[in-house]
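Below you'll find the structure, written out as C-alpha cells, and then a few comments.
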Amino acid sequence: MTTLETRRRGATTHRSGYVSAVLINGILLFLINVQPGWDILPFLTPQMDDVVPVIDLALFVSIAANLVYLAADVAWVRNIGDIVTTTAGIVAMWRLWTVYPFAFPSGFNWDLLAQVLLGIGLAGSAIAVLVALWRLATGRHP
C-alpha cells in the first residue's frame, strides 16, 4: 500500500468516526430530552433538571466540533476542538458533582463510587485539556 492510499484510508476512518460521534451525540440528546427522557432512571432525582442543560450543551459542543472536523480534518483544529469539547465535559461533570442529582439504593456505597468516578473524570479531563494546550502551543500532534 502506498503512502497516499494509507492517508486516504486514515482520512476515511477519521470521517466515519466524526459522523458516528455526531449520530451518537444526537441520539443521546434525543434519549435524554425526548424519549424516554432522563427521568426514566430511578436513581436520578428531580435536581437532574438543573444538570440536563449543561449536559445538553456539552453534547451540542461535541456535535459542532465533529462537524467542523468533517470540513477541516487537521491536527491544530482537532486540538482546539479537544480543548473546547473537553472543557464542556468538565463543566457538565462539575455540575453533576455540585448538584449531585443521585439517590442510589442502599446496600452498596454507590455514592462513593459515583463521586470517585466523577473525580477521576474531572482529573483526567483536566489533564487532557493541558495536553491539548501543549500540543497546540508546540505544534506537536499525535
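What you see is a predicted model; the values in this text were computed from it and never measured.
Here the closest non-hydrogen pair linking Ala72 and Val77 is O-CG1, 3.6 Å. Closest non-hydrogen pair, Ala58 versus Gly89, comes out as CB-N, 4.3 Å. A pairwise comparison of heavy atoms in Thr85 and Ala65 identifies CG2-CB, 3.5 Å as the closest pair. Considering all non-hydrogen atoms of both residues, Ile90 and Ala126 come closest at CD1-N, 3.8 Å. Of all the heavy atoms in Ile63 and Gly26, the pair that sits closest is CD1-N, 3.8 Å. The nearest pair of heavy atoms linking Asn79 to Arg135 is ND2-CB, 3.6 Å.
Ring geometry for Trp94 versus Trp97: interplanar angle under 30°, hence parallel rather than tilted (30 to 60°).
In this structure, the side chain to side chain contact (heavy atoms under 4.5 Å, CB included) partners of Trp38, at least two apart in sequence or on a different chain, are Ile32, Leu44, Met48, Asp49, Val52.
By the 6.0 Å contact criterion, CZ on Phe60 is open, its count of non-hydrogen atoms from other residues, nucleotides or ligands being 12 or less. A 6.0 Å sphere centred on CG of Leu112 holds more than 12 heavy atoms belonging to other residues, nucleotides or ligands.
You'll find the side chain of Val22 stays beyond 4.5 Å of the side chain of Val19, heavy atoms only. The shortest side-chain heavy-atom distance between Val91 and Leu57 does not fall under the 4.5 Å cut-off. The shortest distance between side-chain heavy atoms of Phe102 and Leu96 falls below 4.5 Å. Between Phe104 and Leu113, every side-chain heavy-atom pair lies at or beyond the 4.5 Å cut-off.
Proximity of a side-chain donor or acceptor of Arg78 to a complementary backbone N or O of Tyr69 within less than 3.5 Å is not detected.
Among Ile120, Thr87, Thr86, the single residue meeting the side chain to side chain contact (heavy atoms under 4.5 Å, CB included) criterion with Ser125 is Thr86.
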